[in-house]
Amino acid sequence: MRVAEAVGRGLAGLGVNTVFGVVGSGNFHVTNALVAGGARFVAARHEGGAAVMADAWARTTGSPGVLTVHQGPGLTNAMTGIAEAAKSRTPLLVLAAEAPEIRSNFHVDVAGLAAAVGAVPERLYSPASALADAHRAYATALGRRTVVLALPLNVQGSACEPGPVPALRRAYPTAPAAEAVIALTEVLRGARRPVFIAGRGARGRTAELERLAGACGALLATSAVAKGLFRGSPWNLDVSGGFATPLAAELIGDADVIVGWGCSLNMWTTRHGKLIPPRATLVQVDDDPAAIGRHRPVHLGVPGDVAETARAVADALGGSPGGSSSAAGYRSAEVRDQIAGQGRWRDVAYKDESGGGRIDPRTLSITLDDLLPAERTVAVDSGNFMGYPSMFLSVPDEAGFCFTQAFQSIGLGLATAIGAAVARPDRLAVAALGDGGALMGVSELETVARLGLPMVVVVYDDEAYGAEVHHFGPDGDPLEVVRFPPTDIAAIGRGFGFDGVTVRDPADLAPVRDWLDGPRERPLLIDAKVTAGHGSWWLEEAFRGH
């Protein structure tokens with residue numbers, strides 16, 4: 001058997017059931033072997049899109065994503081998506097064909113490229129070690145790392161004697177040290193206004209965190225990537241940081257104890273530290289010891305799995321004097337009523353600026369939130385517009401929000417939505433894009449139509465790179481290089497096989513209701529011509545922070 005076939009079938013045997021990519025000569029055989037082993041292959045139109053699809057699929061399912069690319073340009077085309085995944089600690093295995101001859105025009109330093117963006121470089125070293133090499137790479141990806149596995153063409157084409165692929169070892173969550181549990185228990189026992197901020201590492205740990213929060217009276221918030229984690233709780237403040245509502249910012253800013261659970265506590269989540277009160281005790285719990293204190297100093301760092309730590313501290317509080325689950329903490333009737341009445345951005349009064357053939361992005365987002373089914377997955381691109389769909393479109397849980405923003409590249413949103421849609425076909429995928437990002441990733445509209453995904457693509461079209469317009473415009477800088485002429489993006493969507501709707505005021509959204517009530521045989525693209533009189537609230541603050 002050729003090594004390429006043995007590796008593909010071996011990975012399928014380890015549980016790989018979905019693969020994204022663009023196929024060329026160098027990854028042709030390994031991709032077909034994966035398919036022969038039972039995996040589904042999802043073809044993208046560009047390797048950058050394929051990388052982001054695999055990333056989003058992994059985030060949504062919790063299993064490692066797999067990407068397959070051609071040697072040389074196949075890998076370099078995918079690098080932005082790989083960088084996003086690596087910075088997000090997404091479990092992702094990249095099968096990268098490699099031209100080993102240094103004089104080949106396809107030759108690139110695969111290991112160097114991987115390391116440059118924070119991915120783990122691996123390779124097939126020989127025909128004899130190939131299966132073990134692939135097994136090691138996949139096991140590393142399982143540990144929430146992005147791994148680039150170089151597949152040298154000469155090794156791929158060699159014959160091998162494939163043996164049985166060993167089962168993957170079960171990974172046990174890291175338990176916190178006993179002294180750390182005691183220390184955190186004492187901090188929470190003395191807290192009067194505790195707040196929990198849960199991040200990516202807390203996804204899937206809702207029950208344990210809510211139990212502990214009830215035991216100490218903590219309010220609940222998340223970083224942007226974990227939005228939806230505490231959906232339904234009356235103590236949910238939604239997202240902390242630049243996206244935080246005025247009420248959330250006020251309540252977090254009055255906390256006397258803040259605990260970050262699997263959350264980096266970076267500048268976005270803390271508003272450059274403004275949401276951390278000077279006298280508050282700051283705690284960080286993370287299963288990666290190197291992550292603790294990386295962005296800001298903490299008073300107590302607890303290395304350990306989020307669920308294991310929360311469970312141990314809740315048990316300690318529940319079994320000690322004064323540590324029952326009836327602790328009031330920050331949970332007064334007044335605070336609960338405040339959250340119920342002011343806890344969402346749509347509860348915050350605003351002046352509707354719609355008019356002159358343009359719709360206010362807040363009005364657009366609120367109307368869409370009311371129209372779209374509750375069971376949805378929202379994927380958001382980067383740009384001036386991004387706060388509106390992120391904060392005004394609700395999601396059913398943390399798996400319903402896919403936020404590929406660690407690298408802050410525009411153009412990833414559509415591919416993100418495709419990967420999430422493949423992962424969760426039971427939910428309506430909603431891609432929220434700016435016009436710049438939509439046109440940058442436009443080739444993947446064909447992928448949506450070809451796969452028959454009943455997706456909604458919403459383009460917040462301000463005919464510009466709005467972030468730059470609103471950042472540099474007040475200083476009188478020339479803006480011609482970041483403005484563009486009007487584009488009929490709805491017509492572009494129809495050309496790719498979408499139903500296209502142009503929206504300039506709320507009444508123009510009536511066809512969206514008709515599409516939702518119909519058979520949804522074609523995906524829907526909404527070209528929303530949004531107002532652009534000023535920058536979004538979160539962006540103004542972000543630029544001031546820099």
Side-chain angles (χ1 to χ4, degrees), residues 44-46 49 52-53 56 357-359 361 363-373 376-383 385-386 388-390 392-393 402 410-422 425 427-464 466 484-532:
R45 282 300 186 177
H46 191 279
V52 178
M53 292 174 202
R358 294 197 168 270
I359 186 170
T363 302
L364 168 70
S365 303
I366 291 170
T367 306
L368 286 173
D369 190 47
D370 292 337
L371 285 173
L372 297 170
R376 65 183 74 152
T377 303
V378 176
V380 183
D381 210 331
S382 192
F385 78 97
M386 63 190 286
Y388 301 113
S390 297
F392 287 91
L393 296 183
C402 209
I410 71 168
L412 309 188
L414 179 58
T416 298
I418 295 171
V422 172
R427 290 180 168 176
L428 177 67
V430 181
L433 320 173
D435 54 304
L439 294 172
M440 187 177 290
V442 71
S443 63
E444 303 305 346
L445 290 176
E446 188 277 336
T447 303
V448 176
R450 169 168 39 88
L451 296 178
L453 300 175
M455 182 185 295
V456 175
V457 176
V458 187
V459 181
Y460 290 70
D461 183 6
D462 63 357
E463 299 171 2
F484 299 90
T487 302
D488 190 347
I489 299 177
I492 293 173
R494 288 190 288 270
F496 277 101
F498 280 64
D499 288 333
V501 178
T502 300
V503 173
R504 297 182 181 278
D505 62 59
D508 293 336
L509 287 165
V512 177
R513 182 181 290 105
D514 296 337
W515 184 88
L516 291 167
D517 292 340
R520 307 182 191 177
E521 294 175 344
R522 291 155 55 95
L524 176 66
L525 189 146
I526 302 169
D527 181 10
K529 308 300 185 182
V530 296
T531 57

*Asks:* Glu444 side chain to His46 main-chain N or O, any donor-acceptor pair under 3.5 Å?
*Replies:*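 Flag set: sc Glu444 to bb His46 pair under 3.5 Å.
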*Asks:* Apply the salt bridge (charged side-chain N to carboxylate O under 4.0 Å, His left out) test between Lys529 and each candidate in Asp505, Asp462, Asp461, Asp488; give the one that qualifies.
*Replies:*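 Among Asp505, Asp462, Asp461, Asp488, the one that satisfies the salt bridge (charged side-chain N to carboxylate O under 4.0 Å, His left out) with Lys529 is Asp461.
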*Asks:* Ignoring hydrogens, what is the shortest heavy-atom contact between Ser443 and Phe496? Give both atom names and the distance.
*Replies:*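 Where Ser443 meets Phe496 most closely, the heavy atoms are O-CE2, 4.4 Å.
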*Asks:* Tell me if a side-chain donor or acceptor on Arg520 pairs with a main-chain N or O of Leu516 at a distance below 3.5 Å.
*Replies:*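 Checked: pair present.
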*Asks:* Between Ile410 and Gly436, which heavy-atom pair has the shortest distance, and what is it?
*Replies:*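 Shortest heavy-atom contact: CD1-C, 4.1 Å.
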*Asks:* Does CZ in Arg513 sit with more than 12 non-hydrogen atoms of other residues, nucleotides or ligands closer than 6.0 Å?
*Replies:*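 No, the 6.0 Å shell around CZ holds no more than 12 heavy atoms from other groups.
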*Asks:* From Tyr388 OH over to Ile366 CD1, what is the distance, rounded to the nearest 0.5 angstrom?
*Replies:*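 So the OH of Tyr388 and the CD1 of Ile366 are separated by 11.5 Å.
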*Asks:* Taking only Lys NZ, Arg NE, NH1 and NH2, and the carboxylate oxygens of Asp or Glu, determine whether Arg376 and Asp369 approach each other closer than 4.0 Å.
*Replies:*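 A salt bridge links Arg376 with Asp369.
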*Asks:* If we ignore hydrogens and angles and just use 3.5 Å, is the side chain of Arg358 paired with the main-chain N or O of Thr531 as donor and acceptor?
*Replies:*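 No, the answer is negative, given that no donor and acceptor are paired below the 3.5 Å cut-off.
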*Asks:* Output yes when a side-chain donor or acceptor of Arg427 lies under 3.5 Å from a complementary backbone atom of Thr377, and no otherwise.
*Replies:*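 No, Arg427 side chain to Thr377 backbone: no donor-acceptor pair under 3.5 Å.
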*Asks:* Show the nearest heavy-atom pair for residues Ala379 and Thr416, with the distance to one decimal.
*Replies:*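 Shortest heavy-atom separation between Ala379 and Thr416 comes out as CB-CG2, 3.6 Å.
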*Asks:* Set out, in order, the CA-CA distance, both residues' side-chain angles and the distance that settles side chain to side chain contact (heavy atoms under 4.5 Å, CB included) for Leu368 and Phe392, then state yes or no.
*Replies:* CA-CA 9 Å; Leu368 286 173; Phe392 287 91; over 6 Å; no
*Asks:* Kindly determine whether Phe498 and Leu445 satisfy side chain to side chain contact (heavy atoms under 4.5 Å, CB included), including the steps that lead there.
*Replies:* CA-CA 8 Å; Phe498 280 64; Leu445 290 176; 3.5 Å; yes
*Asks:* Could you give the distance from CZ (Arg494) to CG (Asp527), rounded to the nearest 0.5 Å?
*Replies:*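 It comes to 9.0 Å.
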*Asks:* So, applying side-chain contact (heavy atoms from CB on, under 4.5 Å) with Ile359, which one of Asp508, Thr367, Val530 is it?
*Replies:*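 Exactly one option meets the side-chain contact (heavy atoms from CB on, under 4.5 Å) with Ile359, and it is Val530.
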*Asks:* Indicate yes or no: at least one non-hydrogen side-chain atom of Trp515 is less than 4.5 angstrom from one of Val456.
*Replies:*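 Of all side-chain heavy-atom pairs linking Val456 with Trp515, at least one is under 4.5 Å.
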*Asks:* What is the minimum heavy-atom distance between Ala429 and Met455, and which atoms define it?
*Replies:*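 Nearest pair, atom of Ala429 first, then Met455: O-CG, 3.3 Å.
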*Asks:* Is the shortest heavy-atom distance from the side chain of Pro523 to the side chain of Val457 under 4.5 Å?
*Replies:*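 Side-chain contact under 4.5 Å: no.
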*Asks:* Among Ile492, Val503, Ile489, Leu414, find the residue that satisfies the side-chain contact (heavy atoms from CB on, under 4.5 Å) test when tested with Val459.
*Replies:*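 Exactly one pass, corresponding to Ile489.
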*Asks:* How about Leu509 and Leu364: do any of their side-chain heavy atoms sit closer than 4.5 Å?
*Replies:*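 Yes, side chains in contact.
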*Asks:* Just wondering, do Val422 and Met53 contact through their side chains at under 4.5 Å, heavy atoms?
*Replies:*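 No. Closest side-chain heavy atoms not under 4.5 Å.
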*Asks:* Does the Asp435 side chain pair with the main chain of Ala464, one donor and one acceptor, at a distance under 3.5 Å?
*Replies:*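 Answer holds: yes.
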*Asks:* Nearest heavy-atom pair of Cys402 and Ala56: which atoms, and what distance?
*Replies:*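 It is SG-CB, 3.7 Å.
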*Asks:* Can you measure from CZ (Phe484) to CD (Glu463) and round to the nearest 0.5 angstrom?
*Replies:*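 Separation between the atoms: 11.0 Å.
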*Asks:* Could you tell me which non-hydrogen atom of Ala417 sits nearest to which non-hydrogen atom of Ala431, and how far apart they are?
*Replies:*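 For Ala417 versus Ala431, the nearest heavy atoms are CB-CB, 3.6 Å.
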